[in-house]
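Take a look at the structure below.
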Protein chains: 2
Amino acid sequence: MTRSPTPTILEVAREAGVSKTSVSRYLGGERDRLSPSMQTRIATAITSLGYRPNWMARGLKGGQSRLLGMLVADIRNPFSTAVLHGAEQACRAHGLSLLVCNTDNDAVLERRHLEMLAAYRVEGMIINAAGDPGPALRRFADPRTPVVLLDRQVSDLDADIVGLDNALAIDQAFAHLHAQGYRRLLYVSEPVTEASSRQARLARVEACLARHPEWRGETLGVALEAPGDALATKLRRFVDSRDPAPGAILCANGQVTLAVAQWLREAGVTLGPVGLMGIDELDWCALVGPGITTLAQPTATLGASAVDCLVTRFSPEGRQRPPRRLDYAGTLIPRGSTRRDSAAAPTTDFRSLSCPSLRTF
Amino acid sequence: MTRSPTPTILEVAREAGVSKTSVSRYLGGERDRLSPSMQTRIATAITSLGYRPNWMARGLKGGQSRLLGMLVADIRNPFSTAVLHGAEQACRAHGLSLLVCNTDNDAVLERRHLEMLAAYRVEGMIINAAGDPGPALRRFADPRTPVVLLDRQVSDLDADIVGLDNALAIDQAFAHLHAQGYRRLLYVSEPVTEASSRQARLARVEACLARHPEWRGETLGVALEAPGDALATKLRRFVDSRDPAPGAILCANGQVTLAVAQWLREAGVTLGPVGLMGIDELDWCALVGPGITTLAQPTATLGASAVDCLVTRFSPEGRQRPPRRLDYAGTLIPRGSTRRDSAAAPTTDFRSLSCPSLRTF
DNA sequence: TTGTACGCGTTATCAC
DNA sequence: GTGATAACGCGTACAA
């Protein structure tokens, strides 16, 4: 017998002495419609031949690639991988697989990857946009392919959007800093033009400051790839200010927290007296100085929710529904970097603290 | 005209008034063999219909999925994503795409994902093994599909293996600690039975200790998911030892470094007098205490090299070659955590220091 | 230079 | 229950 390296169902059928159709039925989970004897014959043929299904061919017929595309702006960002992890688990539950693409925050790469995902006929796309994927999506993707935006919104795109409740997050952060007695704020973000979530956070910060005249606040947008002197200058001025009101630095995301913590360390600034807090919880935040207070995003939930959005739209009814916006609340994790009285033990576990009714703050 | 949502080359051909073949040639990069007038007609037909190629169908014929599978043991490990990033860039250069699967260090998931990758007819697999992928590979994958192992070796598998030069890495670390005046060592690893690289590192540590009788050393293998008291007990005993010889803790990977740094911080141990060093460079290592000395793995190189191994084996000659083992040297990044004289300025930049001829140490 | 015809591995639609 | 047969979208000998 000439065992071909990759046998097809046809060869299995011949080996078992049955028809292609029966083998297909056996494989497709309709085994109860086959006679027991045939089932065993097919089963033995499959194992003896070492048959392996070809999902490409399956996708050709029914348009069922069982593939979801995920476009990630920065794969090395722990936030991205955490969401990816959640999405992957959800996919598994639905029998789907993830085709992951990293755009490195490059609009050109994003476009190419979008084209690639469309070419593989993914059944849905999770997009953490780097640029504006709208045009590429309209150009390459089947209009019926459901799309869900992650963290970053895009103008005039018929897509669900899943992300952190940015307004609530800023409120939580502000309420915490306020309760700790800080009255001066430096809000540091990456350039807000590149992502809607950054805009939303900045806008809320400004709203908070406007609503609380007793606070003095300033904001800074800085490109971390090429920070120049902007960050250092601003931080130096903020830290050296003769204003007696206690000041805190709020970082818009994990990358910013890293950069700011780095500078503060080099400048020899003690955390706590100078407050530091960041959005995004990271492995090391508990390790630096007295621990850095963070607002953890519900990353696994975001990933799972994104997949659910897509799966929902697989059904005809789901397809009709208007785009949804799903904002999930973050969790504040207080640590020493926002405690002004350095007397308290640094190892206290604050994680169980809750922050009720922050909306009314 | 009834614009079908996903036009085929046949429809394009009809629209342009030419044959399927010509369109296929146009798409396949053989445009110079077509008359200019035909080229323009095809081009306009493609854009007006919004034609998008179906790579599933293309793959069906020639077995060209243009897909590489990558199996990652832990996607949330920064080491994994860094390698992934390197691999992705290399794929791009070869016109390949990566189908990424995370196994969460679960052998069952690994098996399922392997089956999935085989079903999609990936042209090669990069495997960062969680369990032993050998049996699943033999069962599901085409024997001709090239496989490259990442970081972790697997018994009796005809695959290239790419990873850190573990022996050299340990030598580098040991030489550094020796030069800094430490003479007691605690080597902390995750369970060595789960990964060959862990075994290699441990073995080298023991070899180093055996070769240097003036050192006193001990080793610990601990499962970080369920550390119990083992880690805390051992660390406490090491730190509290009445032995006057200066001691250093060497961590086998980034996860261990994190866990150990966490404990040391909670115990209020000052880094430097008690040395700390870890394999794997992480974002935050410069931030903790006086900075943590690390041995950075050449992650991007590992990823790119893995892809190159696969691409090489795409050719008939490459397929014949015996399995290769590619060990890449890491880079030592000295920081304050291995400086015993705490007088030196903590902000000194050590990154440009080189460590020549470590092999001869 | 261009077109015809077939095969890739699978599922769906019939008919028996 | 079971089996022919026709798609699915594309590449490619082969013929013209």
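These numbers come from the heavy atoms of this one structure, side chains and all, not from hydrogens, waters or symmetry mates. Chain identifiers are assigned alphabetically (A, B, ...) following the order of the sequence lines, protein sequences preceding nucleic acid strands; residue numbering begins at 1 within each chain.
At a threshold of 4.0 angstrom between heavy atoms, the contacts of R33(A) include nucleobase atoms, whether or not backbone atoms are also involved. Among the protein residues, M38(B) comes within range of the sugar-phosphate backbone only, with heavy atoms under 4.0 Å from sugar or phosphate atoms but none that close to a base.
Rounded to whole Å, atom C1' of dG3(D) lies 12 Å from atom CD1 of I42(A). Protein atom CD of Q64(A) is 11 Å distant from nucleotide atom C1' of dT11(C), rounded to whole Å. Summarising the geometry, the separation between CH2 on W55(A) and P on dC8(D) is reported as 24 Å, rounded to the nearest angstrom. If you measure from atom CG of D142(A) to atom P of dG9(D), you get 12 Å, rounded to the nearest angstrom. A straight line from CG of D32(B) to P of dT1(C) spans 9 Å, rounded to a whole angstrom. In this structure, NZ of K20(A) is placed 15 Å from C1' of dT2(D), rounded to the nearest angstrom. Spacing between atom CE of M56(A) and atom P of dG9(D) amounts to 16 Å, rounded to whole angstrom units. Rounded to whole Å, the distance from CD on E30(A) to C1' on dG3(D) is 14 Å.
Of the side-chain N and O atoms in S19(A), one or more sit less than 4.0 angstrom from OP1 or OP2 of dG3(D).
Side chain K61(A) to base dA7(D): a donor-acceptor pair is found below 3.5 Å.
Inspection of the E11(A) and S4(A) side chains reveals an N or O donor paired with an N or O acceptor under 3.5 Å. Residues Y120(B) and S65(B) have side chains that never bring a donor and an acceptor to within less than 3.5 angstrom of each other. Side-chain atoms of S197(B) and D151(B) include a donor-acceptor pair closer than 3.5 Å. Residues H113(A) and N102(A) have side chains that never bring a donor and an acceptor to within less than 3.5 angstrom of each other.
In R92(A), the CZ atom is crowded: over 12 heavy atoms of neighbouring residues, nucleotides or ligands sit closer than 6.0 Å.
If you take CD on Q39(B) and OG on S22(B), they are separated by 10.5 Å, rounding to the nearest 0.5 Å.
Scored by the side chain to side chain donor-acceptor pair (under 3.5 Å) test, D327(B) finds R325(B) as partners (sequence neighbours excluded).
For T6(A), counting side-chain heavy atoms from C-beta on, the closest listed nucleotide (dT10(C), dC8(C), dG9(C)) is dG9(C). In this structure, the nucleotide among dG9(D), dT10(C), dT2(C) sitting nearest to the side chain of A57(B) is dG9(D). Closest to the side chain of I9(B), out of dC10(D), dG9(C), dT2(D), is dC10(D).
Comparing L34(A) and L60(B) along DNA chain D, the residue whose closest nucleotide (by nearest heavy atom) sits nearer the 5' end is L34(A). Residues S35(A) and P7(B) each lie close to DNA chain D; by heavy-atom proximity, the contact nearer the 5' end of the strand is made by S35(A).
Taken residue by residue, residues 21-29 of chain A places heavy atoms nearer than 4.0 Å to DNA chain D at T21(A), S22(A), R25(A).
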